[in-house]
2 protein chains.
Amino acid sequence: MSDEIRNIKSIQIFNKVADVQNVTRAAKSLNISQSSVSYHIKKLEADLGVTLFRRSPAGLELSEAGTVLAGHVSRGLGSIRTGLDLVANRAGSMQVALLPMFASRWLSTRLGGLLEARPGLQLSIKNHNNSYAHMPNPERFADLGIQWGRGNWANFDVTKLWPEKLVVVCSPAYLKAHPIHAPSDLEGCNLLHVDDTRMWEEWFTANGLDLPSSQSQMMLEDRHFQLSSTINGLGVSLFASWAVQSELESGQLVTPFAQAFPTSFAYHLIVPRNVDMSPAAQQFRDWIIDISAQTYPSQGL
Amino acid sequence: MSDEIRNIKSIQIFNKVADVQNVTRAAKSLNISQSSVSYHIKKLEADLGVTLFRRSPAGLELSEAGTVLAGHVSRGLGSIRTGLDLVANRAGSMQVALLPMFASRWLSTRLGGLLEARPGLQLSIKNHNNSYAHMPNPERFADLGIQWGRGNWANFDVTKLWPEKLVVVCSPAYLKAHPIHAPSDLEGCNLLHVDDTRMWEEWFTANGLDLPSSQSQMMLEDRHFQLSSTINGLGVSLFASWAVQSELESGQLVTPFAQAFPTSFAYHLIVPRNVDMSPAAQQFRDWIIDISAQTYPSQGL
DNA sequence: AGTTGCAATCTAAAAATTAGATAGCAAGAA
DNA sequence: TTCTTGCTATCTAATTTTTAGATTGCAACT
């Protein structure tokens, strides 16, 4: 509010160093020399009378104070940047943090419509494994993101898009080898999943069963791997129906039970708080919320 | 998110010029020469390819684009500034926008308690005539403010503090000259007010009367002037009881009607949105909300 | 023992910012 | 009218800040 910032340029350089946690790489990224970056960091620390980084011969990492400063500086410069983008008519670029499955299965088929509806939009897609909401500086990673869960993330503006509705799927061969007629038949099957078994637990509970502790399970690296493993007959999986639509149509996968199982989880659009949204990001947000409202009008967004 | 800001220093100077709308004054305020400021503004405009100011021989004023940029830059630099304040342990200063009456009558008696409860807090008080919520860049004026009204201000986080309860007051001499027994007796009195007669209208309506269009009125410059005018026997006023407590006790003012009249207006604490709050500002906020909750526990904050 | 990746420091060069003087423009004062 | 005042832009030269490049030192690998 009152006094001015004297070492604003050093702060800008600090921002990059804090981002990449490495002086040499920051210098490369900024197209200046390593010595210059080093000089600025030291200057800033001297001016503030505070240590911003812990040094080791292996490199440097943010100190307590450095972390605090980095957050504010990142948001501040971000705000200035969007201001500049706005007035310089280069407001068309943005970054979206997407779940890989979501990007490849859902978005890719709709990208054409998006670019048609919002010409000039330049978006770059960054993958994350549902970690976007938990990054220390999400606004550095992307302008907004799709996150799966229950919607309780602080520091984000959360908009629920679709509830997660799952279907049990497996390969036709697996089904033949393990006939499944009732939910309890799954107890003899190999349950495939990513991360944890929360979804399977919900499924068993919804069907009046307990997930047996002796149940055979397999944890896969990511959803794509889980998908191909399921197709290859390693076991049964829970997938969102939109994610496996083409496999179901082509017959690579089958559903032992007809109807989908509604879970307590959902896909959310999340935007870091206290960050200026670029016009492009706003367009993307409006577009996806619009589609969501069309798909699930009952959501009451 | 992506490319860097090259002319950050020029932007900083632009921020000041946008603030004071005058190159010469900005230069003085920044302790640099007028030519230097002029150079930076021109450079920034050239870099962006956009006119930021409309020039006239009389001076300059922000253009459309300039206004947009100024807002973002102001918020951005503000965020960086609070970050710096935080790590440099000079986070104790803040600015509050107050109504003059509120500052002199209400806060001044409680300042001691505040400074005792939050040692090291340095606050400066800036007066406004209920215009804080309508300033183009309120965050430039103060970190937070007290605003009177109905609480419907966009771009602010609003916390209701106290409902406005008014009492009718006048000088003892005036009361003797104009005996007031029933509300309708006020029709023969001179009604003092600031700005508009909304409060008097509410009062008459609440008492089942209409404010006669022929009613004699007097509009005063500000509340302090209204107060002294009332004491000097110019007419009757509506005041918050906390504001005239000492005058009522000393007998300079009297209340023709015993009880206070609750209005639809209230005092609110308002904080500009999308702006980082300094720790000091947060302390002040917590303190005043705390007092408010003690005074009106039923508010349900 | 040698290589690699890393940051700090030194010196000189390059780039930027700055001051100071000057000019030009319009409005208000005399 | 002419004079003064308040304003910004522009020019040149000085000053300050930033930068590169070479060098050092440190630890972890190879």
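Numbers restart at 1 for each chain; the letters A, B, ... are given by sequence-line order, proteins then strands. Worth knowing before you read on, the calculation uses all heavy atoms, side chains too, and leaves out hydrogens, waters and symmetry mates.
The side chain of A:Lys42 contributes an N or O atom lying less than 4.0 Å from OP1 or OP2 of C:dT9. Here B:His40 reaches the OP1 or OP2 of C:dT18: one of its side-chain N or O atoms lies under 4.0 Å away.
Heavy-atom minimum distance, B:Arg140 versus B:Ala70: NH2-O, 4.2 Å. Listed here is the closest heavy atom pair of A:Ser38 and A:Val23: N-CG1, 4.1 Å. Closest approach of B:Ala142 to B:Val96, counting heavy atoms only: CB-C, 3.9 Å. Contact between B:Thr51 and B:Ala65 at its shortest, heavy atoms only, is O-CB, 4.1 Å.
A:Tyr39 has its OH atom 17 Å from the P atom of C:dA12, to the nearest Å. Rounded to an integer number of Å, the gap from B:Asn31 CG to C:dT17 P is 18 Å. Going from atom NZ of A:Lys9 over to atom P of C:dT18 covers 11 Å, rounded to whole Å. The nearest whole Å value for the distance from the CD atom in A:Gln21 to the P atom in C:dC6 is 13 Å. The distance between atom CD1 of B:Ile41 and atom C1' of C:dT18, rounded to the nearest whole Å, is 15 Å. Between B:Ile32 atom CD1 and C:dT18 atom P the separation is 5 Å, expressed in whole Å.
Taking the six-membered ring where the residue is Trp, A:Phe141 and A:Tyr132 present tilted rings, their angle falling between 30° and 60°.
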Show me the protein contacts with nucleotides 1-4 of chain C, counting only N or O atoms at under 3.5 Å.
none

Between the protein and nucleotides 20-22 of chain C, which nitrogen or oxygen pairs come in under 3.5 angstrom?
unit_1, atom_1, unit_2, atom_2, d
C:dG20, O6, B:Ser35, OG, 3.0

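B:Asn22 places a side-chain N or O within 3.5 Å of a backbone atom of B:Thr24 that can act as its donor or acceptor partner. Proximity of a side-chain donor or acceptor of B:Ser29 to a complementary backbone N or O of B:Arg25 within less than 3.5 Å is not detected. Panel note: side chain A:Asp143, backbone A:Gln95; a donor-acceptor pair is recorded below 3.5 Å.
Across the interface with DNA chain C, nearest-nucleotide mapping of B:Ser10 and A:Leu60 shows A:Leu60 to be the residue nearer the 5′ end.
Atom CD of A:Gln21 has more than 12 heavy atoms from other residues, nucleotides or ligands within 6.0 Å.
Taking the side-chain contact (heavy atoms from CB on, under 4.5 Å) definition, one finds that A:Ala133 meets it with A:Gln147, A:Trp153, A:Phe156, A:Ile270, sequence neighbours left out. Shown here are the salt bridge (Lys or Arg N to Asp or Glu O under 4.0 Å) partners of B:Glu61, two or more places apart in sequence or in another chain: B:Arg54.
Contacts between residues 43-58 of chain B and DNA chain C, defined by a heavy-atom separation under 4.0 Å, are made by B:Lys43, B:Pro57.
Side-chain contact check for B:Ile8 versus A:Ile80: some heavy-atom pair is nearer than 4.5 Å. Inter-residue side-chain proximity for B:Leu69 and A:Leu86 is flagged as unmet; no heavy-atom pair is nearer than 4.5 Å.
Ion pairing between a basic and an acidic side chain is recognised when a charged N comes within 4.0 Å of a carboxylate O; A:Glu45 and A:Arg55 show such pairing.
Counting any heavy atom pair closer than 4.0 Å across all strands shown, A:Thr24 reaches sugar-phosphate atoms only and no base atom. B:Asn7 comes within 4.0 angstrom of no nucleic acid atom, judged by non-hydrogen atoms across all strands.
Interface limits on DNA chain D: the 5'-most and 3'-most nucleotides within less than 4.0 Å of chain B heavy atoms are D:dG6 to D:dT10.
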